[in-house]
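First up is the structure itself, then whatever we jot down about it.
Letters A, B, ... mirror the listed sequences (proteins, then strands); counts begin at 1. For the numbers below, each heavy atom of this structure counts, side chains included, while hydrogens, waters and symmetry mates do not. Keep in mind that this is a model prediction, so the values were computed, not measured.
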Amino acid sequence: MKNHLLLTHEKLDVGAINNLVTAGSCGAISLFVGTTRDNFEDKKVVSLEYEAYEPMAIKEMESICGQLRQNWSDIVNIAIFHRLGLVPVSEASVVIAVSSPHRKTALDAVSMAIEELKKRVPIWKKEKYEGDEGSWKENKECQWLSKEKDVI
Amino acid sequence: MSCGDTEKKKINIRILFFAKSRELAGLDEASFGLESSSITSLDLLGKISAAYNLEAIKTTIILAINQSYCNISEEEQLHLKEGDEIAIIPPLSGG
(Lines give C-alpha, C1' and ligand atoms only; values in the text may rest on other atoms or scores of the structure.)
Protein backbone atom coordinates (compact mmCIF):
# COMPACT_ATOMS: atom_id res chain seq x y z
CA MET A 1 0.00 0.00 0.00
CA LYS A 2 1.96 2.97 -1.25
CA ASN A 3 1.31 6.50 -2.48
CA HIS A 4 3.79 7.64 -5.11
CA LEU A 5 3.69 11.42 -5.55
CA LEU A 6 5.95 13.45 -7.79
CA LEU A 7 6.31 16.88 -9.37
CA THR A 8 8.94 16.73 -12.09
CA HIS A 9 10.39 18.69 -14.97
CA GLU A 10 11.10 15.42 -16.78
CA LYS A 11 8.85 13.81 -19.37
CA LEU A 12 6.29 11.50 -17.71
CA ASP A 13 6.74 7.79 -18.44
CA VAL A 14 3.30 6.18 -18.32
CA GLY A 15 4.73 2.65 -18.49
CA ALA A 16 7.03 3.27 -15.52
CA ILE A 17 4.15 4.76 -13.48
CA ASN A 18 2.01 1.74 -14.36
CA ASN A 19 4.80 -0.53 -13.05
CA LEU A 20 5.03 1.48 -9.81
CA VAL A 21 1.43 0.67 -8.84
CA THR A 22 1.44 -2.94 -10.06
CA ALA A 23 0.75 -5.51 -7.33
CA GLY A 24 0.20 -9.28 -7.36
CA SER A 25 -3.01 -8.91 -5.35
CA CYS A 26 -4.54 -6.58 -7.92
CA GLY A 27 -6.70 -7.44 -10.90
CA ALA A 28 -6.94 -3.83 -12.08
CA ILE A 29 -4.81 -0.79 -12.72
CA SER A 30 -6.63 2.30 -13.89
CA LEU A 31 -4.66 5.14 -15.47
CA PHE A 32 -5.61 8.70 -16.31
CA VAL A 33 -3.27 10.61 -18.59
CA GLY A 34 -3.92 14.32 -19.03
CA THR A 35 -2.30 15.73 -22.16
CA THR A 36 -1.78 19.26 -23.42
CA ARG A 37 -4.19 20.44 -26.13
CA ASP A 38 -3.15 22.40 -29.19
CA ASN A 39 -6.07 24.85 -29.33
CA PHE A 40 -8.13 27.22 -27.24
CA GLU A 41 -10.98 29.31 -28.72
CA ASP A 42 -9.53 29.30 -32.25
CA LYS A 43 -6.07 30.17 -31.00
CA LYS A 44 -3.22 27.81 -31.70
CA VAL A 45 -1.42 26.78 -28.52
CA VAL A 46 2.28 26.27 -29.12
CA SER A 47 3.27 25.20 -25.62
CA LEU A 48 2.16 25.19 -22.01
CA GLU A 49 4.12 26.07 -18.94
CA TYR A 50 3.29 24.71 -15.49
CA GLU A 51 4.36 25.93 -12.07
CA ALA A 52 3.50 24.72 -8.58
CA TYR A 53 3.67 25.72 -4.96
CA GLU A 54 5.62 22.52 -4.60
CA PRO A 55 5.54 21.60 -0.89
CA MET A 56 1.86 22.46 -0.62
CA ALA A 57 1.04 20.66 -3.87
CA ILE A 58 2.59 17.46 -2.49
CA LYS A 59 0.68 17.97 0.75
CA GLU A 60 -2.62 18.32 -1.13
CA MET A 61 -1.79 15.28 -3.27
CA GLU A 62 -1.20 13.29 -0.06
CA SER A 63 -4.53 14.50 1.23
CA ILE A 64 -6.24 13.33 -1.98
CA CYS A 65 -4.68 9.87 -1.47
CA GLY A 66 -6.12 9.84 2.06
CA GLN A 67 -9.53 10.80 0.71
CA LEU A 68 -9.39 8.03 -1.92
CA ARG A 69 -8.37 5.40 0.63
CA GLN A 70 -11.17 6.50 2.92
CA ASN A 71 -13.70 6.08 0.10
CA TRP A 72 -12.30 2.77 -1.20
CA SER A 73 -10.52 0.70 1.43
CA ASP A 74 -9.46 -1.87 -1.17
CA ILE A 75 -7.14 0.51 -3.05
CA VAL A 76 -3.64 -0.95 -3.05
CA ASN A 77 -1.27 1.58 -4.67
CA ILE A 78 -1.72 5.15 -5.93
CA ALA A 79 0.54 7.28 -8.12
CA ILE A 80 -0.01 10.96 -8.88
CA PHE A 81 2.67 12.51 -11.08
CA HIS A 82 2.47 16.05 -12.43
CA ARG A 83 4.90 17.61 -14.85
CA LEU A 84 6.19 21.18 -14.39
CA GLY A 85 7.92 23.65 -16.66
CA LEU A 86 7.47 23.74 -20.40
CA VAL A 87 5.31 20.89 -21.76
CA PRO A 88 5.07 20.58 -25.55
CA VAL A 89 1.61 20.09 -27.06
CA SER A 90 0.22 16.53 -26.83
CA GLU A 91 2.62 15.37 -24.10
CA ALA A 92 1.36 14.21 -20.70
CA SER A 93 1.06 16.88 -18.02
CA VAL A 94 -0.46 14.60 -15.39
CA VAL A 95 -0.65 10.86 -14.83
CA ILE A 96 -2.75 9.23 -12.12
CA ALA A 97 -2.70 5.48 -11.51
CA VAL A 98 -4.60 3.38 -8.98
CA SER A 99 -4.41 -0.37 -8.45
CA SER A 100 -7.05 -2.49 -6.73
CA PRO A 101 -8.21 -6.12 -6.63
CA HIS A 102 -11.26 -5.34 -8.83
CA ARG A 103 -11.75 -2.77 -11.58
CA LYS A 104 -14.59 -0.63 -10.22
CA THR A 105 -12.54 0.79 -7.38
CA ALA A 106 -9.60 1.66 -9.63
CA LEU A 107 -11.82 3.30 -12.26
CA ASP A 108 -13.85 5.37 -9.79
CA ALA A 109 -10.87 6.36 -7.68
CA VAL A 110 -8.89 7.68 -10.65
CA SER A 111 -11.86 9.78 -11.69
CA MET A 112 -12.20 11.32 -8.24
CA ALA A 113 -8.44 11.89 -8.04
CA ILE A 114 -8.26 14.06 -11.18
CA GLU A 115 -11.34 16.06 -10.14
CA GLU A 116 -9.82 16.74 -6.73
CA LEU A 117 -6.43 17.58 -8.24
CA LYS A 118 -8.00 20.24 -10.45
CA LYS A 119 -9.94 21.59 -7.49
CA ARG A 120 -7.26 21.94 -4.87
CA VAL A 121 -3.66 21.14 -5.81
CA PRO A 122 -1.80 24.47 -6.19
CA ILE A 123 -0.53 24.12 -9.75
CA TRP A 124 -0.95 26.68 -12.54
CA LYS A 125 -0.58 26.55 -16.30
CA LYS A 126 0.01 29.27 -18.81
CA GLU A 127 -0.94 28.65 -22.41
CA LYS A 128 1.34 30.23 -24.96
CA TYR A 129 -0.23 31.07 -28.29
CA GLU A 130 1.20 31.71 -31.72
CA GLY A 131 2.06 35.41 -31.95
CA ASP A 132 0.71 36.18 -28.49
CA GLU A 133 2.06 36.42 -24.98
CA GLY A 134 -0.24 33.75 -23.54
CA SER A 135 -2.64 33.50 -20.66
CA TRP A 136 -3.00 31.83 -17.27
CA LYS A 137 -5.78 29.26 -17.28
CA GLU A 138 -8.45 28.75 -14.63
CA ASN A 139 -9.98 25.35 -13.84
CA LYS A 140 -13.75 25.44 -13.73
CA GLU A 141 -13.44 23.12 -10.70
CA CYS A 142 -11.63 25.86 -8.77
CA GLN A 143 -14.01 26.39 -5.87
CA TRP A 144 -13.47 29.94 -4.78
CA LEU A 145 -14.38 31.27 -8.22
CA SER A 146 -17.95 30.09 -7.73
CA LYS A 147 -20.42 32.64 -6.39
CA GLU A 148 -20.99 30.81 -3.12
CA LYS A 149 -17.35 31.09 -2.09
CA ASP A 150 -17.58 27.82 -0.23
CA VAL A 151 -14.92 26.83 2.25
CA ILE A 152 -12.46 24.38 0.77
CA MET B 1 -4.99 32.90 20.73
CA SER B 2 -5.97 34.90 23.81
CA CYS B 3 -2.82 36.79 24.80
CA GLY B 4 -3.64 40.43 24.01
CA ASP B 5 -0.08 41.71 24.35
CA THR B 6 1.36 39.74 21.49
CA GLU B 7 -1.39 40.74 19.05
CA LYS B 8 -0.16 44.31 18.68
CA LYS B 9 3.40 43.23 18.06
CA LYS B 10 4.92 44.09 14.70
CA ILE B 11 5.87 41.04 12.71
CA ASN B 12 7.38 40.14 9.37
CA ILE B 13 5.75 37.53 7.20
CA ARG B 14 7.03 35.86 4.06
CA ILE B 15 4.89 36.22 0.94
CA LEU B 16 5.12 33.83 -2.01
CA PHE B 17 3.71 34.80 -5.40
CA PHE B 18 2.57 32.36 -8.07
CA ALA B 19 1.36 32.46 -11.67
CA LYS B 20 -0.34 35.75 -12.62
CA SER B 21 0.34 37.26 -9.18
CA ARG B 22 4.06 36.56 -9.62
CA GLU B 23 4.05 38.34 -12.98
CA LEU B 24 2.12 41.34 -11.64
CA ALA B 25 4.28 41.65 -8.52
CA GLY B 26 7.46 41.06 -10.50
CA LEU B 27 8.66 38.93 -7.59
CA ASP B 28 8.72 35.28 -6.50
CA GLU B 29 8.71 36.20 -2.85
CA ALA B 30 8.94 39.10 -0.44
CA SER B 31 9.21 39.90 3.24
CA PHE B 32 6.28 41.99 4.44
CA GLY B 33 5.90 43.91 7.70
CA LEU B 34 2.62 43.94 9.60
CA GLU B 35 1.72 46.36 12.40
CA SER B 36 -0.23 43.68 14.20
CA SER B 37 -0.18 39.90 14.17
CA SER B 38 -3.97 39.89 14.42
CA ILE B 39 -5.61 40.72 11.10
CA THR B 40 -8.54 39.45 9.04
CA SER B 41 -7.73 37.55 5.86
CA LEU B 42 -9.63 40.21 3.90
CA ASP B 43 -7.46 43.01 5.33
CA LEU B 44 -4.30 41.02 4.78
CA LEU B 45 -5.15 40.40 1.14
CA GLY B 46 -6.02 44.09 0.76
CA LYS B 47 -2.67 45.22 2.15
CA ILE B 48 -0.71 42.76 0.05
CA SER B 49 -2.68 43.63 -3.10
CA ALA B 50 -2.04 47.35 -2.62
CA ALA B 51 1.67 46.83 -1.99
CA TYR B 52 2.34 44.41 -4.85
CA ASN B 53 0.19 45.54 -7.76
CA LEU B 54 -2.47 42.84 -7.36
CA GLU B 55 -5.56 45.06 -7.30
CA ALA B 56 -6.65 43.86 -10.75
CA ILE B 57 -6.90 40.22 -9.66
CA LYS B 58 -7.64 40.69 -5.95
CA THR B 59 -11.17 39.28 -6.12
CA THR B 60 -9.98 36.03 -7.70
CA ILE B 61 -7.18 35.31 -5.21
CA ILE B 62 -7.20 33.29 -2.03
CA LEU B 63 -4.36 32.85 0.44
CA ALA B 64 -2.58 29.82 1.82
CA ILE B 65 -1.14 30.25 5.29
CA ASN B 66 1.70 27.89 6.06
CA GLN B 67 0.44 25.65 3.25
CA SER B 68 -3.23 25.57 4.24
CA TYR B 69 -5.95 27.36 2.29
CA CYS B 70 -7.61 30.27 3.99
CA ASN B 71 -10.95 31.79 3.01
CA ILE B 72 -11.00 35.50 2.28
CA SER B 73 -13.49 37.10 4.63
CA GLU B 74 -13.81 39.89 7.14
CA GLU B 75 -14.83 37.18 9.61
CA GLU B 76 -11.66 35.15 9.09
CA GLN B 77 -9.47 36.45 11.92
CA LEU B 78 -5.83 35.42 11.57
CA HIS B 79 -3.23 35.28 14.33
CA LEU B 80 0.06 35.31 12.52
CA LYS B 81 3.57 34.72 13.80
CA GLU B 82 6.94 36.05 12.75
CA GLY B 83 8.07 34.23 9.60
CA ASP B 84 4.69 32.76 8.67
CA GLU B 85 4.51 31.81 4.98
CA ILE B 86 1.61 33.41 3.10
CA ALA B 87 1.13 32.23 -0.47
CA ILE B 88 -0.88 34.18 -3.03
CA ILE B 89 -3.08 31.62 -4.78
CA PRO B 90 -4.68 32.75 -8.08
CA PRO B 91 -7.30 30.42 -9.62
CA LEU B 92 -5.78 26.95 -10.03
CA SER B 93 -5.14 25.38 -13.41
CA GLY B 94 -3.33 22.12 -12.74
CA GLY B 95 -4.07 18.90 -14.57
Atom pair [atom1]/[atom2] of [X] and [Y] - distance to nearest 0.5 Å:
{"X": "A:Lys125", "Y": "B:Leu92", "atom1": "NZ", "atom2": "CG", "answer": "11.5 Å"}
{"X": "B:Ile89", "Y": "A:Trp144", "atom1": "CD1", "atom2": "CH2", "answer": "6.5 Å"}
{"X": "B:Leu16", "Y": "A:Met56", "atom1": "CG", "atom2": "CE", "answer": "11.0 Å"}
{"X": "B:Lys20", "Y": "A:Lys137", "atom1": "NZ", "atom2": "NZ", "answer": "12.5 Å"}

[X], part contacting chain B, at a heavy-atom distance under 4.5 Å:
{"X": "A:Ala92", "value": "neither"}
{"X": "A:Glu51", "value": "side chain"}
{"X": "A:Lys59", "value": "side chain"}
{"X": "A:Tyr53", "value": "both"}

Check the hydrophobic clustering (I, L, V, M, F, W, Y; side-chain heavy atoms under 4.5 Å; chains of links allowed) and say if [X] and [Y] are grouped together.
{"X": "A:Leu117", "Y": "A:Trp136", "result": "no"}
{"X": "B:Leu45", "Y": "B:Leu27", "result": "yes"}
{"X": "A:Leu5", "Y": "A:Met112", "result": "yes"}
{"X": "B:Leu80", "Y": "B:Ile62", "result": "yes"}
{"X": "B:Leu63", "Y": "B:Leu54", "result": "yes"}

Decide if atom NZ of A:Lys43 counts as having more than 12 heavy atoms of other residues, nucleotides or ligands within a radius under 6.0 Å.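 Counting neighbours around NZ of A:Lys43, more than 12 heavy atoms of other residues, nucleotides or ligands fall under 6.0 Å, so yes.
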
Based on non-hydrogen pairs under 4.5 Å, which of B:Ala87, B:Ala64, B:Pro90 is most in contact with chain A?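 Top option by heavy-atom pairs under 4.5 Å: B:Pro90.
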
Student check: side-chain heavy atoms of B:Glu23 and A:Lys126 closer than 4.5 Å: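 Result yes, sub-4.5 Å side-chain heavy-atom pair found.
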
Which one wins on heavy-atom pair count under 4.5 Å against chain B: A:Glu141, A:Lys118, A:Glu49?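 If we count pairs closer than 4.5 Å to chain B, A:Lys118 comes out on top.
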
Are any side-chain N or O atoms of A:Asn139 and backbone N or O atoms of B:Pro91, one a donor and one an acceptor, separated by less than 3.5 Å?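 Looks like no, no N/O pair under 3.5 Å.
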
Can you tell me if A:His82 uses its side chain to pair, donor with acceptor, with the backbone of B:Gly95 under 3.5 Å? yes

On the 0 to 90° scale, with breaks at 30° and 60°, tag the B:Phe18-A:Trp124 ring pair as parallel, tilted or perpendicular. parallel

Could you tell me which portion of B:Ser68 (side chain, backbone, both or neither) has an atom closer than 4.5 angstrom to a non-hydrogen atom of chain A?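 Contact with chain A is through both the backbone and side chain of B:Ser68.
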
Quick one: do B:Gln67 and A:Glu60 satisfy side-chain contact (heavy atoms from CB on, under 4.5 Å)? Show the steps, please. CA-CA 9 Å; B:Gln67 299 177 19; A:Glu60 289 294 323; over 6 Å; no

